[in-house]
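No experiment lies behind these values; they were computed from the predicted model shown. Position 1 is the first residue of the sequence; numbering continues from there. Whatever order the structure lists them in is the order used to number ligands and atoms, beginning at 1.
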Amino acid sequence: MRKPIIAGNWKMFKVRDEALQFIYSVSDQAPSQELVDSVICAQFTVLRCLAKRQGENIRIGAQNMHYLDEGAYTGEVSASMLKAIGVSYVIIGHSERRAMFNETDKTVNLKLHKAFQQELTPILCIGESLEQREKNLTNRVLNRQLKADLAGLTGEQVANLVIAYEPIWAIGTGKTATSEVANEACKHIRKQVAKMYSPDVANKLRIQYGGSVKVNNIEELMSMPHIDGALIGGASLKAEDFLTFLKVAVKAKSE
Ligand code: PGA
């Protein structure tokens, strides 16, 4: 049985006071870490203050990192810098970074290797565009991303990875993939990982769905057998809603 994992992706939202207010209101009420992994992926300037206040039941994640340890890379942040301030997770290859900040499968792969080296848990985002889905290319796109992004990773690393299936057409658009469509894609990802590694690795791998997840659709998504959690953007900004996501995930996976 895979433990559910709910991650909020705050993107470029929340100044320090807003971030602190959020963590104070959720940390007492979030379910135990034994039942669900709860992660807040915030922007760089609030990571330290969140990490200092994270309780046992909430973990902090970054939304990006560089794949090198240090150097003349103005504006970049390394995995060891994140690790040093108490960050545990890092989103890698989000479609917004792929589309707007030149992230490629090659840099995604280098970042995954570096994150594991620094003992950060990566949340790898993959997913197809609307055009690719309409041309029936979804599975092919997912296979290609998996092959390139996971190149050189060991089975043990992949078993500890989190993959977020995020169809690009569903992000921030209000168009959620139906739970069946989302489950089919997550099932395909698991099948492909089983082929690339082993059924055991695929069975341990946790796969989230992401893209317009809201309080009114989380229950149905979490009831699907191949969906182990959610990566939530806009709807993760409200503490009350974030708590709802956590509680629904625990309930759905304990039934
Ligand atoms: P959304 O974003 O929930 O606002 O659609 C999801 C994401 O980008 O991870």
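- Residues Lys106 and Glu103 are not paired through a salt bridge, judged by the lack of any N-O separation under 4.0 Å between the basic side chain and the carboxylate.
- Lys214 does not count as a contact of ligand 1, since none of its heavy atoms falls under 4.0 Å from the ligand.
- Of the protein's heavy atoms, Lys11 NZ, 3.3 Å lies nearest to atom 2 (O) of ligand 1.
- A salt bridge is defined here as a Lys NZ or Arg NE, NH1 or NH2 lying under 4.0 Å from an Asp or Glu carboxylate O, and Lys3 with Asp37 meets this definition.
- The closest approach between Ala235 and ligand 1 stays at or above 4.0 Å for every heavy atom of the residue.
- Of all the atoms in ligand 1, the ones that sit under 4.0 Å from a non-hydrogen atom of His94 are 7 (C), 8 (O), 9 (O).
- The Glu166 neighbourhood of ligand 1 comprises atoms 6 (C), 7 (C), 8 (O), 9 (O), with distances under 4.0 Å to a heavy atom of that residue.
- The protein heavy atom nearest to atom 6 (C) of ligand 1 is Gly233 N, 3.5 Å.
- Ring geometry for Phe22 versus Trp10: interplanar angle over 60°, hence perpendicular rather than tilted (30 to 60°).
- Under a 4.0 Å criterion applied to the non-hydrogen atoms of Gly211, ligand 1 contributes the atoms 5 (O).
- Ion pair Lys214/Asp241 not flagged as a salt bridge, since none of the NZ, NE, NH1 or NH2 atoms sits closer than 4.0 Å to an Asp/Glu carboxylate oxygen.
- For the pair Leu142 and Ile126, the minimum side-chain heavy-atom distance is below 4.5 Å.
- Set against the non-hydrogen atoms of Leu231, the atoms of ligand 1 under 4.0 Å away are 9 (O).
- Checking only distances, Ser212 does come within under 3.5 Å of ligand 1, N or O to N or O.
- Any N or O atom pair closer than 3.5 Å counts here, and Gly234 shares at least one such pair with ligand 1.
- Phe116 has its side chain out of reach of Thr154: every pair of non-hydrogen atoms, C-beta onward, lies at least 4.5 Å apart.
- At a heavy-atom distance under 4.0 Å, atoms from both the backbone and the side chain of Ile171 approach ligand 1.
- Not a single heavy atom of Gly210 lies less than 4.0 angstrom from ligand 1.
- Contact check for Ile40 versus Phe242: side-chain heavy atoms found under the 4.5 Å cut-off.
- Between His94 and Glu166, some side-chain heavy-atom pair lies under the 4.5 Å cut-off.
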